[in-house]
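Worksheet for the structure shown next.
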Amino acid sequence: MTVFALVDGNSFYCSCERAFDPTLRNKPLVVLSNNDGCVIARTQEAKDRGVKMAEPWHIASKRPGAKDIIWMSSNYALYGDMSRRLYDVLAAHAPAVEPYSIDEMFLDLTGIPDPVALAHRVRAAARRIAKIPTCVGIGPTKTIAKLANKAAKSYRTDAGICDLSTEAARAATYAAMEIGDVWGLGPAAVAKLARLGVATVADFMRLPNDEVRELLTVTGARTHRELSGVSCIPFSQAPTTRKSLAVTRSFGRAVTRWPEMEQALAAYATRAAEKLRRHGLVAGGVQVFMRTNPFSKDPRYVSQATFGIETTADTLVLIKDVVRAGEHIWRDGYRYAKAGVVLLDLVHPAERPRDLFPSTDRESRARLMTALDTVNLRYGRRTLSPAAAGIGHASWSMRRQKLSPQYTTCIDEILSARA
DNA sequence: TCTGGGGTCCTAGGACCC
DNA sequence: TCTGGGGTCCTAGGACCC
């Protein structure tokens, strides 16, 4: 039986700022996004004053009661550094750590005699050494650990730790938690479930898995299984290579002339190429997009172009290609609010993708398909062969699946089944 | 007036192939 | 008149995450 913990830095960006400026303690504080547009972190004191996550600051700051809130521009170099400190503290206490985001890390506590005691030690050390207050959620799957973390945050009396390892603990908590609190179920899923009268996690668990799959596709079904205690999202310490990389910006002022857009795209392409080299990767494709402001009443226009590039392309060639693609999708007469450059299909230059589908005789291919079906079903995915599943037509993209990390984790299993 | 900047995965459907 | 079945590759778009 697996045991996972999710450690989450409370109001992480704000806590980082407080670590370096103790006068900010006990004060309402928010950290804003680039251009100081939106609120991306809030202390409890700021939450108490009604500031919402991702709210435009020009709205939130005007509310009565928000006058004493201190705001800061974001400092990602600092937050990245603090994140590494937090990682070091966790790695010193737990057998395995998987960073999930800048402020969240999963621990694999399988086989640890007293996970809750360890969680207490981790929290104390994180506060003492990294100066970051944290909450810890514990459960047999990542989704349950995430939910436990949420619960630990909600019930502030609870010492910042919530353990949902046992069925009994889950039964009590699920009835009290809204379905929207579940990792993986967003607004669209919540709306669909509401139509079935599903409001709490307990309601959700009363639905059969097949029905969930029908309603929310394979991802929803996987979440459902995870909540029932079956671990479907594997723990992995090895950092995965990123698959894409983007440089996008909202313009401070609407762009209406091509030369301005051209300059912006050239700058984005340059930054993207820098990032690419910093990671030691090469790209197989590029996407260029531009759009008008979706919040405005102005005529709307959204367009993007995707094209392949030689992985050896240097920055100047990339800029030229990006600008040419941008010119292609540019239309006069619109007020552009945002544009970006995305590099796709990133790989390490030396890396050769493993060939899962060697051209073989009919019979061994059929055996491979059967093996894939088995594995896919176990991981809550739609089965590979549409014919085998009685589904009308093939919409299954082999390429996508090959690149999917979850698929990769099953490679050995598949290959051994094939043998 | 002012509404972030990144990411991942899944589904659908068209073009094309044998 | 009948109009397959199994596949690849690509684009577009939705949904979700932090």
*Measure the CZ-CZ distance between A:R300 and A:F295 for me, rounded to the nearest 0.5 Å.*
9.5 Å
*asked:* In this structure, which stretches of DNA chain B are paired as stems of three or more consecutive Watson-Crick or G-U pairs, both distances less than 3.5 Å?
replied: B:5-18 with C:5-18
*asked:* Give me the distance, rounded to whole Å, that separates C:dC17 from B:dG4 when you measure between the C1' atoms they each carry.
replied: 15 Å
*Phosphate OP1/OP2 of B:dT1: any A:R253 side-chain N/O under 4.0 Å*: no
_Any A:K192 side-chain N or O less than 4.0 Å from OP1/OP2 of C:dA15_ = no
*State plainly whether the residues A:K146 and A:E226 are in salt-bridge range, i.e. N to O under 4.0 Å.*
no
*Looking at residues at least two apart in the chain, or sitting in another chain, which of them share a side chain to side chain contact (heavy atoms under 4.5 Å, CB included) with A:T248?*
A:A246, A:F289, A:K338
*Has A:S244 got a side-chain N or O lying under 4.0 Å from the OP1 or OP2 atom of B:dT8?*
yes
_Tell me if the centroids of the rings in A:F106 and A:Y100 come within less than 6.0 Å of each other._
yes
*Applying side chain to side chain contact (heavy atoms under 4.5 Å, CB included) between A:V97 and each of A:L86, A:D88, A:L107, A:V7, report the one that passes.*
A:L107
*Looking at residues 54-70 of chain A, who's got a heavy atom less than 4.0 Å off DNA chain B?*
A:P56, A:H58
*Indicate whether A:F295 forms a stack on B:dT3; treat it as stacked only if centroid distance is below 5.5 angstrom and interplanar angle below 30 degrees.*
yes
*Among B:dC10, C:dC16, B:dG4, which is the nearest nucleotide to the side chain of A:Y76?*
B:dG4
